[in-house]
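Everything below concerns the one structure shown next.
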Amino acid sequence: MPELPEVETIKRDLTKLIVDKKILDIKTDSVKQVQPSLGVVKKAVMGTTIKKIGRRAKLLQVFLSNGKILVVHLKLTGRLLVRDKNDPQDDWQRVLITLSGGKELRFCDLRKFGWIKLLDARSWTLEAEKFGPEPFSKEFTIICLKKIFSKTRRAIKIVLMDQNKIAGIGNIYASEALFLAKIDPRKSAKQLGNQAIEQLKKAIIKVLKAGIKYRGASDHDYLDALGQKGSYQDHFLVYGREGKKCFDCKGKVAKIKLSGRGTYFCPKCQK
DNA sequence: AGTCGCCTGGTA
DNA sequence: TACCAGGCGACT
């Protein structure tokens with residue numbers, strides 16, 4: 001799925017494209033993806049105006065003029081596309097939101113893992129509390145990371161991807177950050193020294209910033225709100241580069257499974 | 001801490 | 001035909 005940089009890109013796009021638009025209708029053929037139910041959501045959103053778009057971890061928030069929030073999780077293959085209502089259908093359209101000005105917000109999702117959920121401000125706060133710090137926030141400090149890592153023996157890559165520990169990092173950016181920091185993804189989080197943690201923090205910020213700069217990684221399904229690909233996949237150092245030369249040592253990039261997820265790293269450089 | 005399930009499609 | 005895919009919650 002879209003990870004932090006991809007969701008952030010969509011957030012910025014949507015801010016330009018749909019803020020101040022009015023919601024005229026919502027429909028779906030994929031009822032499980034609209035929560036609590038299409039009926040409830042429809043009743044709440046019809047006639048409201050979109051005030052603001054937000055992001056927390058990999059979740060997008062659409063703030064409505066009645067105080068409610070539409071929260072969207074794109075999971076692995078979700079897209080949020082802004083189209084003219086007469087534009088040709090997109091692949092895998094699941095939820096269609098008709099907007100004022102002849103526009104349409106299309107939630108498309110091949111694998112149907114994603115969802116749109118209606119929340120009030122209070123339940124949003126409860127849901128958002130469980131997430132770890134945002135990498136671009138002031139809470140994201142060495143001290144904070146040290147605290148998080150010291151509490152678990154799990155592999156550092158698994159911890160990086162745990163949204164309750166740190167928000168927004170997924171499989172791609174975890175692999176890339178660990179390569180930059182020269183840390184073996186299998187290494188126990190607990191065993192990272194101060195220097196390694198400092199390197200890792202810098203690396204996380206660096207790869208996420210690069211991801212945003214290149215408008216996300218379109219390795220598989222990701223598209224921005226106008227249906228355009230990002231280009232961060234052209235800058236991957238290890239992800240998807242199994243058997244190819246490491247850019248540092250000219251050894252070979254390895255692929256292993258870590259908790260069932262494809263994990264790419266350079267066994268020579270990453271210790 | 002690791003595996004399965006939710007879904008559909010692309011590729012070897 | 002089998003396996004793989006950027007996530008994550010439930011289960012063991």
Side-chain angles (χ1 to χ4, degrees), chain A residues 1-10 28-35 55-60 71-80 90-95 107-117 126-132 135 148-149 151-179 185-191 204 207-208 210-212 214-224 229-243 255-265:
Chain A
M1 101 134 203
E3 305 179 28
L4 186 152
E6 289 77 25
V7 180
E8 181 65 25
T9 301
I10 294 177
T28 185
D29 290 329
S30 184
V31 290
K32 284 165 78 177
Q33 292 186 271
V34 180
Q35 300 161 16
R55 180 193 62 76
R56 173 80 170 100
K58 301 170 189 170
L59 295 175
L60 272 165
V71 179
V72 183
H73 199 317
L74 300 168
K75 291 290 182 87
L76 282 98
T77 59
R79 297 170 175 167
L80 277 175
D90 284 291
D91 291 336
W92 313 299
Q93 291 185 176
R94 306 298 184 202
V95 184
F107 176 60
C108 304
D109 185 15
L110 188 161
R111 288 170 77 180
K112 297 186 175 178
F113 291 165
W115 45 255
I116 298 180
K117 202 183 321 191
L126 289 175
E127 291 222 358
E129 266 173 9
K130 62 178 196 214
F131 291 121
I148 292 167
F149 296 158
K151 282 188 195 150
T152 177
R153 289 213 273 260
R154 301 193 79 179
I156 181 62
K157 174 161 178 272
I158 307 301
V159 180
L160 290 187
M161 291 171 61
D162 183 340
Q163 301 304 299
N164 302 332
K165 306 280 194 298
I166 301 171
I169 302 173
N171 207 29
I172 290 181
Y173 294 91
S175 281
E176 294 292 307
L178 287 165
F179 174 76
R186 298 165 294 187
K187 189 163 182 172
S188 159
K190 218 175 212 176
Q191 298 201 300
I204 289 168
V207 296
L208 294 177
I212 292 172
Y214 292 108
R215 300 187 54 79
S218 295
D219 201 35
H220 290 279
D221 304 282
Y222 170 74
L223 296 177
D224 67 22
K229 288 186 173 190
S231 61
Y232 189 57
Q233 67 280 5
D234 301 335
H235 304 270
F236 287 167
L237 300 173
V238 284
Y239 190 84
R241 298 192 62 251
E242 181 186 14
K255 182 185 185 188
I256 57 167
K257 286 241 174 203
L258 212 49
S259 237
R261 313 300 305 282
T263 300
Y264 300 86
F265 72 114

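By convention in this document, chain letters (A, B, ...) are assigned in the order of the sequence lines, proteins followed by strands, and residues within each chain are numbered from 1. Quick note: numbers below take in every heavy atom, side chains included, and nothing from hydrogens, waters or symmetry partners.
- At whole-Å resolution of the value, OH in A/Tyr173 and C1' in C/dG7 are 15 Å apart.
- Nearest approach of A/Asp109 to A/Gln33, heavy atoms of both residues: OD2-NE2, 2.9 Å.
- In this structure, the side chains of A/Tyr232 and A/Glu6 stay at 4.5 Å or more apart for every pair of heavy atoms.
- For the pair A/Phe113 CZ and C/dC4 P, the computed distance is 15 Å after rounding to whole Å.
- Aromatic ring pairs are classed by plane angle as parallel below 30°, tilted from 30° to 60° and perpendicular above 60°; the pair A/Phe236 and A/Tyr239 is perpendicular.
- Put simply, the side chain of A/Leu74 does not reach to within 4.5 Å of the side chain of A/Tyr222, judged on heavy atoms.
- In terms of phosphate contacts, A/His73 brings no side-chain nitrogen or oxygen within less than 4.0 Å of OP1 or OP2 of C/dG7.
- OP1 or OP2 of C/dC8 has at least one side-chain nitrogen or oxygen of A/Lys58 nearer than 4.0 Å.
- Remark: DNA chain C forms stems of 3 or more consecutive Watson-Crick or G-U wobble pairs, all pair distances under 3.5 Å, at B:1-6 with C:7-12, B:8-12 with C:1-5.
- Among all heavy-atom pairs drawn from A/Ala155 and A/Pro185, the shortest one is CB-O, 3.4 Å.
- Nucleotides C/dC3 and B/dT3 are separated by 15 Å at their P atoms, to the nearest Å.
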Exercise. Give the intermediate values and the outcome of side-chain contact (heavy atoms from CB on, under 4.5 Å) for residues A/Leu110 and A/Trp92.
Key: CA-CA 5 Å; A/Leu110 188 161; A/Trp92 313 299; 3.6 Å; yes
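- Nearest heavy atom pair, residue A/Pro2 against residue A/Val7, reads CB-CG2, 3.8 Å.
- Comparing B/dG2, C/dG7, C/dG9 against the side chain of A/Ser259 picks out B/dG2 as the nearest.
- Among residues two or more places apart in sequence or in another chain, the side-chain hydrogen bond (donor to acceptor under 3.5 Å, both in side chains) test is passed with A/Glu127 by A/Lys117.
- A salt bridge (Lys or Arg N to Asp or Glu O under 4.0 Å) check over residues 158-177 of chain A, counting only residues at least two apart or in different chains, returns the pairs A/Asp162-A/Lys165.
- Two residues are said to be in side-chain contact when any heavy atoms from C-beta on lie closer than 4.5 Å; A/Ile172 and A/Tyr264 fail this criterion.
- Heavy-atom minimum distance, A/Ser259 versus A/Arg154: OG-NH2, 4.0 Å.
- One can place CZ of A/Arg186 at 17 Å from P of B/dA1, the figure rounded to the nearest angstrom.
- A/Leu4 has its side chain within reach of A/Arg55: a pair of non-hydrogen atoms, C-beta onward, lies under 4.5 Å apart.
- Going from atom NZ of A/Lys257 over to atom C1' of B/dA1 covers 17 Å, rounded to whole Å.
- When every heavy atom of A/Thr77 is checked against every heavy atom of A/Arg111, the shortest pair comes out as OG1-N, 3.0 Å.
- If you check every strand for non-hydrogen atoms under 4.0 Å, A/Asp221 touches a base.
- Among all heavy-atom pairs drawn from A/Gly262 and A/Asn171, the shortest one is O-ND2, 2.9 Å.
- The distance between atom NZ of A/Lys157 and atom P of B/dG2, rounded to the nearest whole Å, is 12 Å.
- Between A/Phe107 and A/Thr28 the shortest side-chain heavy-atom distance does not fall below 4.5 Å.
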Could you run down the sub-3.5 Å N/O contacts of the protein with nucleotides 8-10 of chain B?
from, atom 1, to, atom 2, distance (Å)
B/dT8, OP1, A/Lys112, NZ, 3.3

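- Here A/Arg153 does not reach the OP1 or OP2 of B/dA1: none of its side-chain N or O atoms lies under 4.0 Å away.
- A/Ala155 comes within contact range of no nucleotide atom at all, as no heavy-atom separation falls under 4.0 Å.
- As rounded to whole Å, 13 Å separates atom P of C/dG7 from atom CG of A/Leu258.
- Look at NZ on A/Lys130: it is 9 Å from P on C/dC8, rounded to the nearest Å.
- The A/Arg154 side chain lies nearest to B/dG2 when the options are B/dG2, B/dC6, C/dC4.
- Within a heavy-atom distance below 4.0 Å of DNA chain C, the residues of residues 235-243 of chain A found are A/Tyr239.
- Of the residues in residues 159-171 of chain A, A/Met161, A/Gln163, A/Gly170, A/Asn171 come within less than 4.0 Å of DNA chain C through at least one heavy atom, sorted by number.
- In this structure, the CH2 atom of A/Trp115 is 15 Å from the P atom of C/dG7, given to the nearest Å.
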